[in-house]
2 protein chains.
Amino acid sequence: MVKTTNPAAVAERLHAGAIRLLRRVRVADSEAALSAPKLSALSVLVFAGPMSLKALAAAEQVKPPTMSKLVADLEAEALAVKTVDRADKRAVTIAATAKGRTLMEEGRKRRLALLTKSLRTLSARELQTLAAAAELMLALE
Amino acid sequence: MVKTTNPAAVAERLHAGAIRLLRRVRVADSEAALSAPKLSALSVLVFAGPMSLKALAAAEQVKPPTMSKLVADLEAEALAVKTVDRADKRAVTIAATAKGRTLMEEGRKRRLALLTKSLRTLSARELQTLAAAAELMLALE
DNA sequence: ACTATTAGTTAGTCAAACTAACTATATGAT
DNA sequence: ATCATATAGTTAGTTTGACTAACTAATAGT
């Protein structure tokens, strides 16, 4: 095995690998009941809990007007609820509903099912390498 | 270290890691002269060589009309050229120009610069793990 | 108390995706 | 050989999700 520890070379391969991986996963997204940006926002609400529109927009790296529309759509489908903050009446707290949690979980499972299937063909050692790499990617500053 | 060889668990972490990584990289994209879909199409032309619109659309997983517009824009900026196929006059062959190759290369470098910088903080062993993982991701069927 | 700031929404624009429908060319079946 | 069918690409029109600018409502800071 070639020991590739040149950061630029690793960056290139890792970038290409991440693109390839997500492209594969995205194929399953077409069946989803919800678009990718909405599913993503919903998953933030589920995992990080209720938060303001501003915080949700920041978490998803979009501007408030963009998130305002996404949340309005989620609310129209009863997947999230908006409540006026008692302490600050300008602000709203957005939370996933039980229906939202369920739908998000299903979407996530469907997306991951294809990837899981691919991973089953790998050895335990290869899976360990990927697991370790995933943690490194998540920890990148 | 926990030995995570459960494919579903690895899939979940790897998916999250890939999203995180690409999101970081995308920040640098705002400075790019070309949008992500155009840069991506251009890179396919550079790396895989000239091809028909249909093939390019398939490679990018979009429908022909979508690619038709992207290519028209690339052509308007002299980053790609379209020539009618001699054997089949319905078909066109799309190729990157020298200008296109240069621009694509610059865009890629800019995108990877940030990632490379992050990777520099990692140990040689960690880089090897990521390099190995990248190859596994690229090889996934 | 008045000004400035902040949270969110509304209006309007743009890029990129789609489908449907079109033109032009190629293929194939009788 | 001709006519029907299929294929390559484009054009037209729609939708979604992103943006900025400008607005309302509420809070915070002199």
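In what follows, chains carry the letters A, B, and so on, assigned in the order in which the sequence lines appear, proteins first and then strands, with residues in each chain numbered from 1.
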Who are the salt bridge (Lys or Arg N to Asp or Glu O under 4.0 Å) partners of B/Glu75, not counting sequence neighbours?
-> B/Lys82
Report the residues that fulfil side chain to side chain donor-acceptor pair (under 3.5 Å) with B/Arg101, sequence neighbours left out, ordered by chain and then residue number.
-> none
Rounded to the nearest angstrom, tell me the gap between atom CG in B/Leu70 and atom P in D/dT10.
-> 11 Å
Could you list by number each residue of residues 74-81 of chain A showing a heavy-atom separation from DNA chain C of less than 4.0 Å, or answer none if no residue does?
-> none
Between C1' of C/dA17 and CD of B/Gln61, the distance in whole Å | 13 Å
Nucleotide nearest B/Pro64 (side chain, heavy atoms from C-beta), chosen from D/dT10, C/dC18, D/dA18 | D/dT10
Excluding sequence neighbours, so at least two apart, what forms side chain to side chain contact (heavy atoms under 4.5 Å, CB included) with B/Val62?
-> B/Ala57, B/Glu60, B/Thr66, B/Met67
N/O-N/O pairs, protein side and nucleotides 20-26 of chain D side, under 3.5 Å:
none

Check side chain to side chain contact (heavy atoms under 4.5 Å, CB included) between B/Ala11 and all other residues, then give those that pass, not counting sequence neighbours.
-> A/Leu112, A/Leu115, A/Thr116, A/Leu119
When the distance from CE of A/Met67 to P of D/dG17 is rounded to whole Å, what number comes out?
-> 11 Å
Do any side-chain nitrogens or oxygens of B/Ser68 fall under 4.0 Å of OP1 or OP2 in D/dT11?
-> no
Sub-3.5 Å donor-acceptor pair from the side chain of A/Thr102 to the main-chain atoms of A/Ala98, do we have one?
-> yes
List for me each residue that meets side chain to side chain donor-acceptor pair (under 3.5 Å) alongside A/Arg120, sequence neighbours excluded, and say none if there are none.
-> none
Evaluate the side chain to side chain contact (heavy atoms under 4.5 Å, CB included) criterion for residues B/Leu34 and B/Leu74: first the C-alpha distance (whole Å), next the side-chain angles of each, then the deciding distance (0.1 Å), finally the verdict.
-> CA-CA 9 Å; B/Leu34 218 53; B/Leu74 288 176; 3.8 Å; yes
Do any pairs count as a side chain to side chain donor-acceptor pair (under 3.5 Å) and have a residue in residues 87-96 of chain A, sequence neighbours left out, and if so which ones?
-> A/Asp88-A/Arg90
So, is A/Lys38 close to the D/dG17 phosphate, meaning a side-chain N or O under 4.0 Å from OP1 or OP2?
-> yes
Rounded interatomic separation in angstrom, taking NZ from A/Lys69 and P from D/dA18 = 11 Å
Salt bridge (Lys or Arg N to Asp or Glu O under 4.0 Å) with A/Lys109: which residues, sequence neighbours excluded?
-> none
For A/Glu105, which residues count as a side chain to side chain donor-acceptor pair (under 3.5 Å) partner, sequence neighbours excluded?
-> A/Arg108
Residues in residues 47-60 of chain A with a heavy atom under 4.0 Å of DNA chain C, by number, are A/Ser52, A/Leu53, A/Lys54
Among all residues two or more places apart in sequence or in another chain, which pass the side chain to side chain contact (heavy atoms under 4.5 Å, CB included) test with B/Ser123?
-> B/Arg125, B/Glu126
